[in-house]
Every structure is written in structure tokens, then in C-alpha cells.
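What follows is one structure encoded as C-alpha cells, with my remarks underneath.
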Amino acid sequence: MSSLPETAELGPPANQRAINLDWNAVQHLSEADWGILCAFLQNALLGSSEVETAVGALRAELLELIAGGLVDRPRLLNLLSALAIFCRDSEFVIPVSAKEAELLAGLSLGRRIAEDLIIRCYRAVDEEELTIDEIERLSPIADDTSLAVQAMYEENPYPRWKELPVLQASTEAIDCLIAGCGSGRHILAIAAASPRGRFVGVDLSRASLAYGLMKAKEHGISNVRLVHGDILKIAEIGITFNHISAVGSVHHMRDPLSGVKALAGVLKPGGSIKLALYSKFGRTAQLAGIELRQNLDIPATREGIQKLRQAIYSLPDDHPARGVIKFSDFYSFSGCRDMLFHVQEHNYTVPEIFDLIDASGLRLESFRMRGEGKDVAQTREGLTNLERTHPGFAGAMFRFTLIN
Ligand SMILES: C[S@@+](CC[C@H](N)C(=O)[O-])C[C@H]1O[C@@H](n2cnc3c(N)ncnc32)[C@H](O)[C@@H]1O
């Protein structure tokens, strides 16, 4: 087992481009710049080590000032509110130093507004109740792997998202299934763009579905059914679909082929299934990060996730695992867990993808080539050769469409 790399400080390394957000500078910003800063904090997710460092330093500075008696005033409260939203939305992933922990221990809720707000920059206070009881369900989850995957996503619903993507509008009145819809970002975006379509999302995690349900209500989207259940038992839904999409879900099943076959069983004649499955060569950084986690024997707890993040920040720039800091998933607990701590995942090469397709009884219609924005016909031989010369050509996932 390797030992953890030495790390003197918490958080990202000092040798990066700095964003300066200290209270002295920030409180004297013009009205316009002030508005932009607060809007950014309220609407952005972390996504970069520079932002993590800057926001972490500002939070630590404000904590020290508030603990030292800095008086409540409008700009301070305004900034603290925005900062608290930012920290909550990134699941409080920014590391906390021993000094901050000590200062926080001396604060309590209900004494003054600035104190309440700075505490909310470090931990959740009265978390919103998720509407789990309202969720429809298929028969109970029984498969061992599905149960383990469910447990993981019940603890960390994924992905956390804020903005609903705007997709091209469609007037088709079709039935669509999103298998492994997670917290609903994709299904809600297509349902909003296709008001005549009927959309069913199925997932193992009730917490993720509840997140999706909350977002559906927030956006007034009503042509979506979110159902708790296992893809293995999708036939119980009792309807068939024109289109099925399973992005990033089937590779988390013990036997992905049985998942694809179950989906094929609810596909209407002439329908299509879009799949996105992990690419072994497109995920070299993630696989190196997973190997590091396994070598260091780090558990999938909040502390463990934080420990692995610190270990990765301490790696030299040319270490293969260091590349994970470029992925937005690195900047939240749920994202890190999904990317580096998964209980079950399959990573494919091109020949393995074609073996899966051949065994599924379906036919390949098209393959999405990265950067081309459209799906094109491809052969096993052509893509195998491409993978030989350009191993990560597909990016992190192979995306392709099957037909019956
Ligand atoms: C990485 S997340 C992807 C979520 C979503 N498709 C997206 O792209 O944002 C994988 C999701 O697949 C779900 N999943 C995995 N195996 C499943 C199964 N056997 N049945 C239903 N859902 C499953 C998980 O619960 C999880 O929410």
C-alpha cells in the first residue's frame, strides 16, 4: 500500500493562477462588479481549483472577521448569503482548516445574522425535505449489485445541477424512456423541449429521483413520470417506447448485457436505444485516480473523499491521476464519488463494445464521434483501428445508437 503524499496545506496547490477575492478588495467593488460576484456565487458550481482556492480563502477570512466581531452590514450579509448558497450547492466540499474548525466551534446559530450565515457556509442547516413518498415504484430492488449501487446514490444523489439545458424543440408525440435518469437533468431538459412527448425516467436511487421531482416542480414540467426501479425489471412498467436513452447507467450493472436486453424488451418495433458507456482509454486519468484510491485504501466517506482530493492535489502535474482535476465532478462529493469511488463499473474498449452489441440482438445504427456533433455509421474494424491510433478518441464515454 502506498502512503499519502506529503501535503502541508489543505486545498489546491499554490502554483496555480490566482483569483483574488479578499474582503478588503471585495467590499469596495463597484455596484456592477458586486452584482456580478454575488450572481456568480448564487448560480455557479465549483468546477475549478482556482475558484475553490479563492472562495475557500474568502470564506476563511470572513469567518475570522465575524468571529472577531465584524459588525453586520448590508454588503457583508449580501455576500454571505451568496457564499452560503455556493457552498451548499457544492456540497461543502471546500476543505476546512484546523483554525477554521476551531473558530466555527465558538459560533452558534440564532445570535446574529452574519454568524448564522457564515455557519451556513460550512454546513447544512434545516435541509430541504425531499419528496420521496411521492415517487412511483416498480417491484423492490433485489439484485445485489443494484442494491449496492442504489445505496451509493441514495447517499450521494447525482448529478447535482442548477441550470436546465435548453434543447432543440420537438413536436413529436412519442414515448421515451430514460433508463438510469439520476437526478433528472437530461429527462427534464428533453421533456421541456418536447411538450407533446411522454417521458418515463427510471432509477435505483429515490434520493436522485426526489431531486428530479423537485426540479420538475420548480420548472413546471408535467410530461414526466419518475419511477423507482431496476432496469432489470423494466418490463413491469407495462408500456413500450419509441426511444430509450441510457447514458452512464448500464456500465454500473453487474451484467450490462442483461440491462441492454431488458431495455430491448420494451422497445417498440422501429425504435432506437441510445447508450453511453465508459471508454477504458478515454478515462485514463479517472482509472489512475481509482487506482490511487485503492492503493491508499481510502473509504467512500466524506473524509475519505476529501483525503483523496488532497492526495490528488499533491501529485506532480505529470502524474496520470492529476488529470481528474479538469473534470467538474472533482468539485463535489457526489461527483467525486461517482467518478472515483464507484462500487461497480465496466470500462470498455471498441472490440468489447461491439461484442456487447452483437450479443444484444440489436444493430448498430450510428456512433457519435467526438467534436462532430452528429452520429455517423461506423464499423467494428474502422473504430478498432481508430482506437489503436487514437486511444481516447471517444472521450470518457462511447455514445452510440442501436436499433431493432
Ligand atoms: C452516473 S449516474 C448517471 C445519471 C444520468 N443518466 C446522467 O447522465 O446524469 C448513473 C445512474 O444510473 C442509475 N443506475 C445504475 N444501475 C441501474 C439499474 N440497474 N437500474 C436503474 N438505474 C440504475 C444509478 O442509480 C444512477 O443514478
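This is a predicted model, so every value here is computed, not measured. Both ligands and their constituent atoms are indexed starting at 1 by order of listing. Along the sequence shown, the residues carry numbers beginning at 1.
Taking the charged nitrogens against the carboxylate oxygens, Asp89 and Arg160 have no contact shorter than 4.0 Å, which rules out a salt bridge.
Separating the CD atom in Glu387 from the CZ atom in Phe281 is a distance of 5.5 Å, to the nearest 0.5 Å. In this structure, Leu356 CG and Leu275 CG are separated by 7.5 Å, a value rounded to the nearest 0.5 Å.
In terms of protein heavy atoms, atom 10 (C) of ligand 1 is closest to Gly248 O, 3.3 Å. Residue, atom and distance of the protein heavy atom nearest to atom 5 (C) of ligand 1 are Gly180 O, 3.4 Å. For atom 17 (C) of ligand 1, the closest non-hydrogen atom on the protein side is Leu204 CD1, 3.3 Å. The protein atom (non-hydrogen) at minimum distance from atom 13 (C) of ligand 1 is Asp203 OD2, 3.3 Å. What sits closest to atom 19 (N) of ligand 1 on the protein, heavy atoms only, is Asp230 OD1, 2.9 Å. Ranking protein heavy atoms by distance to atom 9 (O) of ligand 1, first place goes to Pro159 CD, 3.4 Å. Among protein heavy atoms, the minimum distance from atom 7 (C) of ligand 1 is reached at Val247 O, 4.2 Å.
Heavy atoms of Asp338 come nearer than 4.0 angstrom to ligand 1 in at least one pair. Under a 4.0 Å heavy-atom criterion, His186 is not in contact with ligand 1.
Both cation-pi conditions hold for Arg302 and Phe333: the charged atom is under 6.0 angstrom from the six-membered ring centre and inside a 45 degree cone around its axis.
Ranked by closest heavy atom to atom 21 (C) of ligand 1, the top entry among Ala179, Gly229, Pro157 is Gly229. Distances from atom 12 (O) of ligand 1 to the heavy atoms of Ala246, Ser245, Ser249 show the closest one on Ser249.
For a threshold of 3.5 Å applied to N or O pairs, the pair formed by Val202 and ligand 1 contains no separation below that value. At a 3.5 angstrom cut-off on N or O pairs, Ser208 does not count as close to ligand 1.
Ring geometry for Phe398 versus Phe393: interplanar angle of 30 to 60°, hence tilted. Using cut-offs of 30° and 60° for the angle between ring planes, the Phe86 and Phe40 rings count as tilted. Using bins of under 30°, 30° to 60° and over 60° for the plane-to-plane angle, the ring pair Tyr278/His251 lands in the parallel bin.
Side-chain contact of Glu100 with Ser97: a donor-acceptor pair under 3.5 Å is present, judged by distance alone.
Among Asn78, Leu83, Leu21, the single residue meeting the side-chain contact (heavy atoms from CB on, under 4.5 Å) criterion with Leu37 is Leu21.
Shown in contact with Tyr158 at under 4.0 Å from a heavy atom are these atoms of ligand 1, numbered in order with element: 1 (C), 2 (S). The atoms of ligand 1 that sit less than 4.0 Å from any heavy atom of Ile231 are 18 (C), 19 (N), 20 (N), 21 (C).
Of the possible donor and acceptor atoms, one in the side chain of Ser249 sits under 3.5 Å from a partner among the backbone N and O of Ala179.
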